[in-house]
Amino acid sequence: MLKSLTIKNFTVFSKAEFDFSPGLNVIIGANGLGKSHILKLGYSCSWLWNSSSGGLDLSKRIAGKLVKIYRPDSLGRLVRRGQGHHRAEVQVNFLRQKPNRLSFSFAANSKSEVSLGMILSINGPPTIFFPTKETLSTYPGFASLYRDYHIEMDETYYDLCLALERPLLRGPRYEKARELLDPLEKILGGAVRNENGRFILQQSGNGKLEMPLVAEGIRKLASVAYLIANGSLTDQSTLYWDEPETNLNPLLIVKLAEILVKIAQQGTQIIIATHSLFLLKELDLQLKIAHNQNQQGRFFALAPSEDGVVVQAGNSIEEVEPITALDVEIDQAERYEALVSEVGQAGGKRNA
């Protein structure tokens with residue numbers, strides 16, 4: 001699990017610190033404020049913790065992963081622009097029985113290596129990243145295609161395909177997973193299966209439905225269901241999800257919020273980035289409902305400043321400002337009421 005992330009001169013951030021909850025974490029902010037950058041950085045470091053075997057090549061592995069995830073022309077492009085010679089600095093603290101740390105830095109002219117500070121001491125639990133576009137419909141053959149050819153897609157899609165390749169759980173572990181699978185499969189109207197390298201939705205009474213025929217928003221929930229069923233989303237693992245509300249209607253967003261809180265209650269850390277005020281409010285509501293189960297949540301609001309993007313954090317949405325989506329919604333409501341009033345007055349004059 002990710003305990004904290006401290007960065008300096010990284011992309012749009014001059015200096016920022018994130019202290020994460022072991023439960024549900026929500027990052028919100030306008031376009032261009034670095035929400036996805038934080039998710040990708042946290043994921044890259046978590047992935048290294050999970051797969052790290054130490055050794056002298058770790059600095060190259062960190063640099064290589066960042067380039068594959070962010071897709072810049074060179075590693076140094078991730079250093080914040082500005083006067084003088086800036087250097088990006090990253091420090092990550094993990095939590096699993098005992099703290100583990102990773103720190104590194106790189107300059108604007110860096111290409112394939114970073115300078116290491118503290119190094120991870122043990123391998124960590126699994127970590128999953130859901131990009132904005134769903135993956136189940138493009139899954140067949142994608143992993144081998146990505147390995148053999150140059151494809152202009154970031155490596156989160158490849159990593160997710162590798163996680164989806166894992167077989168389903170069996171025995172007591174699968175029965176435990178059913179606590180989360182049952183409500184998901186009720187929403188999906190069936191169970192997700194991998195048949196001969198293609199995902200299908202096995203619907204009760206309606207047979208098989210190929211994933212490209214399933215609505216994209218539903219396919220996202222289907223990915224969650226399958227990763228629960230194959231053990232990728234387990235106790236102590238971390239799920240990063242970029243804009244989970246995309247292509248979901250409000251009813252399904254409510255269901256999604258319920259599922260995310262339940263997954264967090266089972267011991268999976270969740271870190272999401274969103275534009276949706278509706279999802280933000282629903283997650284806050286679900287966390288308040290789950291408060292008696294000691295469910296923990298953390299909210300981070302990103303805002304522009306003269307010295308880069310700044311971060312404000314709190315345990316509820318009432319504690320973080322500014323929330324751009326909230327400001328826009330209030331402005332829309334005021335404009336709507338003013339227009340309705342104006343139209344009403346004009347209609348009254350015509351009738352008179």
Side-chain angles (χ1 to χ4, degrees), residues 2-20 25-49 52 57-95 99-120 127 129 131 154-156 238 240 242 271-273 275 298-314 320-322 324:
L2 199 60
K3 184 175 185 293
S4 66
L5 174 63
T6 303
I7 55 178
K8 183 178 180 182
N9 295 325
F10 186 84
T11 65
V12 297
F13 299 91
S14 173
K15 187 175 183 180
E17 184 172 352
F18 296 81
D19 291 312
F20 294 102
N25 300 269
V26 184
I27 303 173
I28 189 166
N31 289 333
L33 295 184
K35 299 185 303 300
S36 298
H37 289 183
I38 295 302
L39 256 64
K40 288 182 174 181
L41 180 59
Y43 170 72
S44 298
C45 295
S46 297
W47 181 89
L48 286 160
W49 186 34
S52 174
D57 67 339
L58 183 58
S59 65
K60 291 185 178 180
R61 294 179 65 220
I62 294 172
K65 191 64 177 179
L66 291 175
V67 169
K68 291 174 182 177
I69 293 294
Y70 286 91
R71 307 296 295 179
D73 289 339
S74 65
L75 178 65
R77 295 287 294 170
L78 298 178
V79 178
R80 181 172 179 261
R81 303 292 178 266
Q83 294 182 345
H85 299 285
H86 285 176
R87 187 176 185 85
E89 300 176 13
V90 177
Q91 180 172 315
V92 190
N93 291 322
F94 298 96
L95 184 60
N100 284 267
R101 298 180 178 87
L102 171 67
S103 66
F104 58 89
S105 65
F106 54 91
N109 61 354
S110 297
K111 293 183 179 180
S112 60
E113 289 188 35
V114 303
S115 297
L116 287 173
M118 295 175 286
I119 302 177
L120 302 176
T127 183
F129 190 103
D154 73 66
E155 198 160 87
T156 60
T238 300
Y240 297 86
D242 199 359
I271 304 175
I272 70 172
H275 288 290
R298 192 81 170 147
F299 294 84
F300 303 90
L302 307 185
S305 76
E306 294 182 357
D307 192 27
V309 175
V310 295
V311 183
Q312 185 175 5
V320 294
E321 290 184 0
T324 304

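Owing to the predicted nature of the structure, the values given are computational and were not obtained by experimental measurement. In this chain, residues are counted from 1 in sequence order.
Side chain of Lys35 to backbone of Gly29: a donor-acceptor contact under 3.5 angstrom is found. Using modelled atom types, no side-chain atom of Arg71 and backbone atom of Ile69 make a donor-acceptor pair closer than 3.5 Å.
Lys3 and Leu95 get closest at one heavy-atom pair: CB-CB, 4.1 Å. Minimum interatomic distance between His86 and Arg80 (heavy atoms only, all atoms of both residues): ND1-O, 3.3 Å. Heavy-atom minimum distance, Arg87 versus Ser115: NH2-OG, 3.0 Å. For the residue pair Ser59 and Val114, the shortest heavy atom distance occurs at CB-O, 3.2 Å. Taking all atoms of both residues into account, the shortest heavy-atom contact from Asp19 to Ser4 is OD1-CB, 3.4 Å. Counting all heavy atoms, side chain and backbone alike, Pro72 lies closest to Val67 at CD-O, 3.5 Å.
The aromatic ring centres of Tyr70 and Phe10 sit less than 6.0 Å apart.
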Exercise for review: Go through Ile38 and Ile7 one step at a time and tell me if the side-chain contact (heavy atoms from CB on, under 4.5 Å) criterion holds.
Suggested key: CA-CA 10 Å; Ile38 295 302; Ile7 55 178; 3.7 Å; yes

Exercise for review: Could you walk me through whether Asn31 and His275 pass side-chain contact (heavy atoms from CB on, under 4.5 Å), step by step?
Suggested key: CA-CA 8 Å; Asn31 289 333; His275 288 290; 2.7 Å; yes

Exercise for review: Would you please test Phe106 and Leu66 for side-chain contact (heavy atoms from CB on, under 4.5 Å) and show each step?
Suggested key: CA-CA 11 Å; Phe106 54 91; Leu66 291 175; 4.2 Å; yes

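Under the 4.5 Å side-chain criterion, counting only non-hydrogen atoms from C-beta, Ile271 is not in contact with Phe300. Between Phe104 and Leu58, the closest side-chain pair of non-hydrogen atoms is not below 4.5 Å. Contact of the Phe299 side chain with the Ile28 side chain is not registered, since no non-hydrogen atoms from C-beta on lie closer than 4.5 Å. Looking at Thr127 and Leu2, their side chains never come closer than 4.5 Å, going by heavy atoms from C-beta outward. Between Phe94 and Cys45, some side-chain heavy-atom pair lies under the 4.5 Å cut-off.
From Phe129, atom CZ reaches atom CD of Glu155 across 12.5 Å, with rounding to the nearest 0.5 Å. Remark: Glu113 CD to Asp57 CG distance equals 10.0 Å, nearest 0.5 Å. Rounding to the nearest 0.5 angstrom, the gap separating the NE2 atom in His37 from the CG atom in Asp242 is 10.0 Å. In this structure, Lys8 NZ and Lys15 NZ are separated by 6.5 Å, a value rounded to the nearest 0.5 Å.
Tested against Phe13 for a side-chain contact (heavy atoms from CB on, under 4.5 Å), the candidates Val310, Asp307, Leu302 yield a single pass: Leu302. When each of Leu75, Val79, Leu78 is paired with Ser110, the side-chain contact (heavy atoms from CB on, under 4.5 Å) condition holds for Leu75 and for no other. Paired with Leu102 under the rule side-chain contact (heavy atoms from CB on, under 4.5 Å), one option of Asn93, Ile62, Val90 passes, and it is Ile62. Of the options Lys40, Lys68, Lys65, a salt bridge (Lys or Arg N to Asp or Glu O under 4.0 Å) to Asp154 is made by Lys40 and by none of the others.
Side-chain contact, Thr156 with Tyr240: no donor N or O sits under 3.5 Å from an acceptor N or O.
Other residues, nucleotides and ligands contribute only 12 or fewer heavy atoms inside 6.0 Å of the CZ atom of Arg77.
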